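These numbers come from a predicted model, not from an experiment. A, B, ... follow the sequence lines: proteins, then strands. Residue 1 opens every chain.
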Amino acid sequence: MSDQIKNAIQEYATRLGDDSVVLGHRISEWVSYGPFLEEDIAYGNVSLDYIGRARMFYTYAAELADDGRDEDDFAFMRNDREYRNLLLMEMPKGDFAYSQVRQLFADVYYTILLPELLQSKDETLSAIAAKAIKETKYHLRRSRDWVLRLGDGTEESHKRAQKAVDQLWGYTHELFDMDETEQLLADEGIGVDVSKLRDAWLQMVSDILTEATLTVPEDSWAVRGGRTGYHTENLGHMLTEMQIVHRSHPGCKW
Amino acid sequence: MTSQEENFMRKIEAEEKIEPKDWMPEAYRKNLIRQISQHAHSEVIGMQPEGNWITRAPSLRRKAVLLSKVQDEAGHGLYLYSACETLGISRSEMIEQLQSGAAKYSSIFNYPTLTWADVGAIGWLVDGAAIVNQVSLQRTSYGPYSRGMIRICKEESFHQRQGYEAILALAKGSPEQKAMAQDALNRFYWPALMMFGPHDSESAHSQKSMEWKIKRETNDDLRQKFVDQTVKQIEVLGLDHPDKNIKWNEERGHYDSSDLNWDEFWSVINGNGHCNRQRIEHHVAAHDEGEWVRDALSAYNEKKRAKKAQNAA
């Protein structure tokens with residue numbers, strides 16, 4: 001493997017790890033705040049899956065970096081400007097509708113992305129995808145059910161769900177952006193060419209939103225920057241909380 | 001005694017389980033509802049002090065373990081609510097009783113979790129004390145409760161191990177980490193002992209509960225077991241025992257220890273601990289905020305039902 005490819009895979013695994021840890025963290029903020037006990041459990045479950053994914057991606061990135069860092073150095077010792085997660089993942093938890101709509105967007109994305117990643121020539125990435133596919137199947141069933149219930153529930157739930165769709169829509173465009181690193185890996189059959197996934201994503205999301213009696217927004221705005229470290233203001237606060245204990249005791253084991 | 005009562009007592013004496021459809025004295029039912037719902041509420045409220053550290057867990061592994069533990073607690077709450085529902089009370093009634101203060105939950109959760117070490121201390125000491133009690137409750141006379149306890153005990157022993165392991169990592173870590181572990185032990189040791197409830201002589205529900213075999217061992221006996229098992233664990237950690245009077249008593253075959261601060265115990269039970277108000281407020285706020293979601297769920301299900309009925313007609 002050339003150094004160029006190796007570095008690209010390390011960067012790619014870090015990005016996917018960042019997406020997972022940030023979304024996993026956001027979901028975990030719901031524990032003990034759910035609308036009923038079963039939802040506290042479900043949130044815990046889904047969060048746990050994402051934290052698990054983050055660990056696998058970071059461990060692989062650390063292995064490729066081979067500079068003595070481990071998964072926790074990736075999660076806890078990088079600043080928001082170094083994080084490369086998609087902006088959608090870092091948006092605050094919001095109300096239940098906001099979190100479920102975000103989850104639907106993410107779950108449909110992974111439903112389409114992971115089978116492609118499973119085909120990766122890189123065995124580790126493919127193995128992580130294989131495990132994640134099973135989890136995502138359950139995640140999507142849940143977020144889809146909730147969006148249907150909220151969209152087609154009461155007037156209030158409909159209003160909240162539509163507002164969430166409208167507010168989050170502009171953050172979904174960058175899910176399908178490619179840069180040089182990802183293009184290189186896609187050409188090598190290692191990474192996924194996400195630019196080819198938007199039609200399928202849009203189709204699936206539109207079908208679900210329509211069934212939920214919600215309106216699919218026009219593509220009138222798009223915010224981008226996660227993959228270059230140009231974040232919203234939300235991530236800094238999230239990382240401050242997440243990293244405080246780890247950073248207060250440099251070099252300690254937990 | 002009526003023949004129903006005789007039959008009931010015969011079963012209790014023969015260690016047969018009482019099942020939901022069996023006849024039971026009204027006071028037995030009430031006593032069980034009180035105890036099981038209190039236990040369920042403890043699991044649910046217990047999510048808060050530990051949940052307080054999910055977003056700050058210092059490593060990804062610890063975050064995953066803590067998430068999975070808190071999720072288990074919620075699951076325990078769920079089976080206990082279901083076990084209690086077999087006695088003819090609904091979950092929403094139980095939640096109302098929790099929120100109004102009519103039902104209690106374990107006072108231990110009214111103590112704040114101030115540092116990461118507290119998460120370890122809760123797993124080790126609080127779950128440890130809970131297990132001592134729950135192991136004994138596996139033999140409780142009410143079938144659904146007993147079966148729930150058997151299942152819960154398996155998971156609780158994992159919780160206790162992870163808590164002890166987390167504390168051990170701190171106790172063997174940097175001086176600051178060790179100090180954090182000692183501080184958590186100092187704060188949680190006493191309230192953990194109070195989890196067993198008042199002295200037997202002061203316990204309002206104990207006597208009848210023992211007679212009906214709802215409870216199988218007395219508060220003081222269970223507390224003594226916990227005191228005894230904890231001494232060695234503290235030694236292994238290399239921490240100082242918070243009780244300066246702890247001393248092996250050869251004659252009794254147990255450790256002697258200081259009496260507890262019962263004023264503090266009653267004050268926290270009566271709603272005046274550090275976090276009593278906060279815990280209930282948190283529960284009420286989440287429940288109230290969730291109302292529109294629960295309404296949406298019922299409205300959606302109702303629409304589906306109506307549609308199905310229309311299609312069938």
Side-chain angles (χ1 to χ4, degrees), chain A residues 21 24-25 27-45 47-48 51-52 54-55 58-59 70-72 74-76 95-97 100 145-146 148-158 160-161 238 241-254, chain B residues 40 43-48 50-75 77-78 81 91 95 115-116 166 169-170 172-174 176-177 180 282-283 285-287 289-304:
Chain A
V21 85
H25 186 98
I27 303 167
S28 79
E29 292 174 347
W30 275 98
V31 173
S32 87
Y33 290 90
F36 45 90
L37 199 49
E38 284 82 347
E39 284 305 305
D40 284 320
I41 298 175
Y43 272 123
N45 240 319
S47 174
L48 205 48
I51 301 300
R55 297 183 65 191
Y58 284 153
T59 297
D70 65 10
E71 57 179 36
D72 289 331
F74 279 77
F76 296 96
D95 67 7
F96 189 79
Q100 290 299 350
D145 281 354
W146 269 117
L148 293 179
R149 292 163 183 160
L150 298 179
D152 196 15
T154 61
E155 199 178 313
E156 180 176 11
S157 69
H158 179 89
R160 288 183 189 243
M238 195 201 104
E241 185 175 350
M242 185 175 116
Q243 296 176 339
I244 177 73
V245 180
H246 185 94
R247 290 201 184 202
S248 301
H249 301 267
C252 284
K253 295 268 169 271
W254 302 94
Chain B
E43 300 280 0
V44 170
I45 295 295
M47 293 167 72
Q48 292 181 34
E50 293 186 281
N52 183 34
W53 285 91
I54 289 176
T55 54
R56 290 177 289 172
S59 74
L60 292 177
R61 186 172 78 90
R62 291 287 174 205
K63 193 196 269 302
V65 171
L66 180 57
L67 264 168
S68 118
K69 174 178 191 249
V70 173
Q71 195 196 352
D72 283 349
E73 308 291 4
L78 211 54
Y81 281 137
R91 204 206 296 185
I95 289 175
T115 72
W116 168 251
L170 298 175
K172 305 288 174 208
S174 71
E176 289 81 9
Q177 285 178 307
M180 205 193 280
H282 176 134
H283 194 274
H287 189 73
E289 166 57 26
E291 191 175 6
W292 69 269
V293 179
R294 296 189 299 275
D295 289 347
L297 180 59
S298 332
Y300 177 82
N301 288 339
E302 193 44 53
K303 282 184 197 176
K304 289 282 135 184

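Looking at Ala42(A), neither its backbone nor its side chain comes within 4.5 Å of chain B, counting heavy atoms on both sides. For Arg160(A), the part lying near chain B is the side chain, with the backbone staying farther off; criterion is any non-hydrogen pair under 4.5 Å. Ile244(A) touches chain B through its side chain: at least one heavy atom from C-beta onward sits under 4.5 Å away, while N, CA, C and O do not. Heavy atoms closer than 4.5 Å to chain B are found in the side chain of Ile51(A), but not in its backbone. For a residue to count as touching a neighbouring chain, one of its non-hydrogen atoms must lie under 4.5 Å from one of that chain's; by this rule Asn45(A) touches chain B with backbone and side chain alike. Neither the backbone nor the side chain of Ala285(B) has a heavy atom closer than 4.5 Å to any heavy atom of chain A. Neither the backbone nor the side chain of Tyr43(A) comes within contact range of chain B, judged by heavy atoms closer than 4.5 Å.
Per-residue heavy-atom pair counts under 4.5 Å with chain A were compared for Gly75(B), Gly51(B), Gly173(B), Ala74(B), and the maximum is reached by Ala74(B). Ranked by heavy-atom pairs under 4.5 Å with chain B, the first of Ile41(A), Val245(A), Leu148(A) is Ile41(A). Counting heavy-atom pairs closer than 4.5 Å to chain A, the top residue among Leu170(B), Leu78(B), Ile45(B), Val70(B) is Leu78(B). Between chain B and the residues His25(A), His249(A), Glu156(A), the largest count of heavy-atom pairs under 4.5 Å involves His25(A). Ranked by heavy-atom pairs under 4.5 Å with chain B, the list Asp40(A), Thr154(A), Asp152(A), Asp70(A) is led by Asp152(A). Options Phe76(A), Trp146(A), Phe96(A) differ in how many heavy-atom pairs under 4.5 Å they form with chain B, and the most are formed by Phe76(A).
A salt bridge does not link Lys63(B) to Glu241(A): none of the charged side-chain nitrogens sits closer than 4.0 Å to a carboxylate oxygen.
At least one side-chain heavy atom of Arg91(B) sits less than 4.5 Å from a side-chain heavy atom of Leu37(A). Inter-residue side-chain proximity for Leu60(B) and Trp254(A) is flagged as unmet; no heavy-atom pair is nearer than 4.5 Å. At least one side-chain heavy atom of Glu289(B) sits under 4.5 Å from a side-chain heavy atom of Asp95(A). Ser32(A) places a side-chain heavy atom less than 4.5 Å from the side chain of His282(B).
To the nearest 0.5 Å, the span separating CG on Leu48(A) from OG on Ser68(B) amounts to 5.5 Å.
Partners of Tyr300(B) under the ring pair (Phe, Tyr, Trp, His ring centres under 6.0 Å) rule, at least two apart in sequence or in another chain, do not exist in this structure.
Checked by atom type and distance alone, the side chain of Arg294(B) pairs as donor or acceptor with a backbone atom of Pro35(A) at under 3.5 Å.
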